[in-house]
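Working notes, structure below.
As the structure is a prediction and not an experimental result, all values here were calculated from the model.
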Amino acid sequence: MLVKATKEDIEQYMDFAYSLAMDQTKSGYPLWSDGISTKDEFVDYVWKSYDNDDRDILLFIKDGVVEGWIQFFYLEQDQYLQTNGFLISSDTEQALTEFQEYACAHFAGYTLYLGFPKRNTDAISFLQKTGWRLIQESYHDIFVFDGSAIQPETAGIVKVTESNFSEFRKIHQTDSDTYWNSERIFSTLNEWLIYLLYREDVAVGYICARNGEIFSLGYRDNIFDKNTYKALVAVILSDLKTAGHKRMIFFNEEESQPTALELGFSCVSEYVLYIKSV
């Protein structure tokens, strides 16, 4: 069964939850087993989930034994529900079944998003056979900043602000499943790093980053271009290094993965994202 966690529960089971978070076969996203994230960061993240009004933590109890917990957050205005911690030691299918029932009871009409590493085969098997829709499949890459300098290309690179956001909007590519569309990005523009790349006065590509993670990179004709990719990623890397970040996350597609590895990224997992209306 699922039971809302108390402060005492969190304290008691924190070490157990962290041990699950370090095992990709027993955890969901966000990923903590990247070799860079620390236990202190994990603990801080959990307490933020516990203390936030739009987030919660549910213990999963089986036969009187706590087998892990499920963290989640929701955006009422968008009817958006997503796990931000799925840490289950056994009977993943039962935990998912109960969480889906919980979501239906408390968040009817919402769209539920569940992200997992591919190594969590129990979770993925359940989602595949119960009608969940796969909307993203990518490589979870990480770039670790060291002492070496990053020399980005500057020719044709323009930062996006309110004054030129319309140029970004023209080539920003999303679909109906993408939460961060142009309107939502514009409403929180101060939280974003966005650049356009111009060639012969024509915007040929863009990149968007937020909280140390690249959220999207696209091209005018929606065709991968290695040089455009390298130029745009390099400018974000330079910005984040200057800002003092110790790592950057990027979820790469099949076509861009070899170039990401050339630039110095390392692959820590393969990621899948499923959704379902509840």
Side-chain angles (χ1 to χ4, degrees), residues 1-22 26-34 36-61 66-88 95-96 98-117 123 140 177-181 183-193 208-213 215 243 245-247 249 251 271 273-278:
M1 63 179 174
L2 295 178
V3 177
K4 187 172 180 177
T6 65
K7 180 180 179 182
E8 291 72 24
D9 291 328
I10 303 300
E11 292 171 343
Q12 180 176 354
Y13 296 107
M14 184 72 79
D15 288 345
F16 177 48
Y18 181 67
S19 72
L20 297 175
M22 296 301 289
K26 299 183 182 299
S27 59
Y29 268 75
L31 194 73
W32 296 96
S33 56
D34 57 10
I36 301 298
S37 300
T38 66
K39 184 177 181 180
D40 286 344
E41 289 173 330
F42 172 80
V43 170
D44 182 61
Y45 189 83
V46 169
W47 283 122
K48 285 180 179 177
S49 288
Y50 177 77
D51 292 333
N52 242 307
D53 289 340
D54 60 357
R55 302 181 179 220
D56 221 331
I57 302 176
L58 303 173
L59 297 182
F60 174 55
I61 302 173
V66 172
E67 297 288 352
W69 70 42
I70 301 172
Q71 298 166 229
F72 66 89
F73 71 94
Y74 61 94
L75 302 173
E76 185 175 1
Q77 68 275 20
D78 300 315
Q79 293 195 307
Y80 180 102
L81 177 63
Q82 181 175 342
T83 52
N84 61 330
F86 189 94
L87 309 171
I88 304 297
L96 282 167
E98 292 188 19
F99 184 63
Q100 183 173 319
E101 292 170 352
Y102 180 93
C104 289
H106 294 83
F107 298 96
Y110 280 60
T111 300
L112 175 55
Y113 291 72
L114 298 177
F116 287 96
H140 174 175
D177 294 323
T178 302
Y179 178 77
W180 285 113
N181 55 32
E183 287 70 28
R184 289 194 176 103
I185 290 175
F186 185 75
S187 69
T188 56
L189 190 56
N190 63 318
E191 301 175 7
W192 292 84
L193 284 173
C208 313
R210 181 173 179 264
N211 296 332
E213 177 181 342
F215 274 71
H245 286 256
K246 65 179 182 179
R247 60 184 178 272
I249 297 170
F251 289 83
Y271 169 76
L273 179 63
Y274 285 85
I275 67 171
K276 192 173 189 179
S277 296
V278 296

Quick check: closest heavy atoms across [X] and [Y], and the distance to 0.1 Å?
X      : Y      : result
Ile275 : Asp177 : CD1-OD1, 3.6 Å
Pro30  : Gly85  : CD-N, 4.1 Å
Phe86  : Ala95  : CZ-CB, 4.1 Å
Met1   : Glu98  : CA-OE1, 2.8 Å
Gly28  : Phe116 : CA-CD2, 3.6 Å
Tyr110 : Leu75  : CE2-O, 3.9 Å

Rounded distance (nearest 0.5 Å) linking atom [atom1] of [X] with atom [atom2] of [Y]:
X      : Y      : atom1 : atom2 : result
Gln100 : Leu112 : CD    : CG    : 7.5 Å
Leu193 : Asn211 : CG    : CG    : 10.0 Å
Ile70  : Leu58  : CD1   : CG    : 6.5 Å
Tyr29  : Gln82  : OH    : CD    : 12.0 Å
Ile249 : Phe251 : CD1   : CZ    : 6.0 Å
Glu41  : Ile36  : CD    : CD1   : 9.5 Å

*Donor-acceptor pair between His106 and Tyr74 side chains, under 3.5 angstrom*: no
*Between the side chains of Ser37 and Asp34, is a donor N or O closer than 3.5 angstrom to an acceptor N or O?*
yes
Hey, does [Y] have a side-chain heavy atom less than 4.5 Å from the side chain of [X]?
X     : Y      : answer
Asp78 : Tyr179 : yes
Glu11 : Trp47  : yes
Asp9  : Ile57  : no

Can you give each donor-acceptor pair under 3.5 Å made by side-chain atoms of residues 12-21, sequence neighbours left out, with the distance rounded to 0.1 Å?
| from | atom 1 | to | atom 2 | distance (Å) |
| --- | --- | --- | --- | --- |
| Asp15 | OD1 | Lys39 | NZ | 2.5 |
| Ser19 | OG | Phe16 | O | 2.6 |

Parallel, tilted or perpendicular, judged at 30° and 60°: which one describes the rings of [X] and [Y]?
X      : Y      : result
Trp192 : Phe215 : perpendicular
Phe99  : Tyr102 : parallel
Phe42  : Trp69  : parallel

*Under 3.5 Å, side chain of Tyr50 to main-chain N/O of Lys7, donor-acceptor pair present?*
yes
*Should we count CD of Glu183 as having more than 12 external heavy atoms under 6.0 Å?*
yes
_Contacts of type side chain to side chain contact (heavy atoms under 4.5 Å, CB included), residue His245, not counting sequence neighbours_ = Phe145, Leu240, Ala243
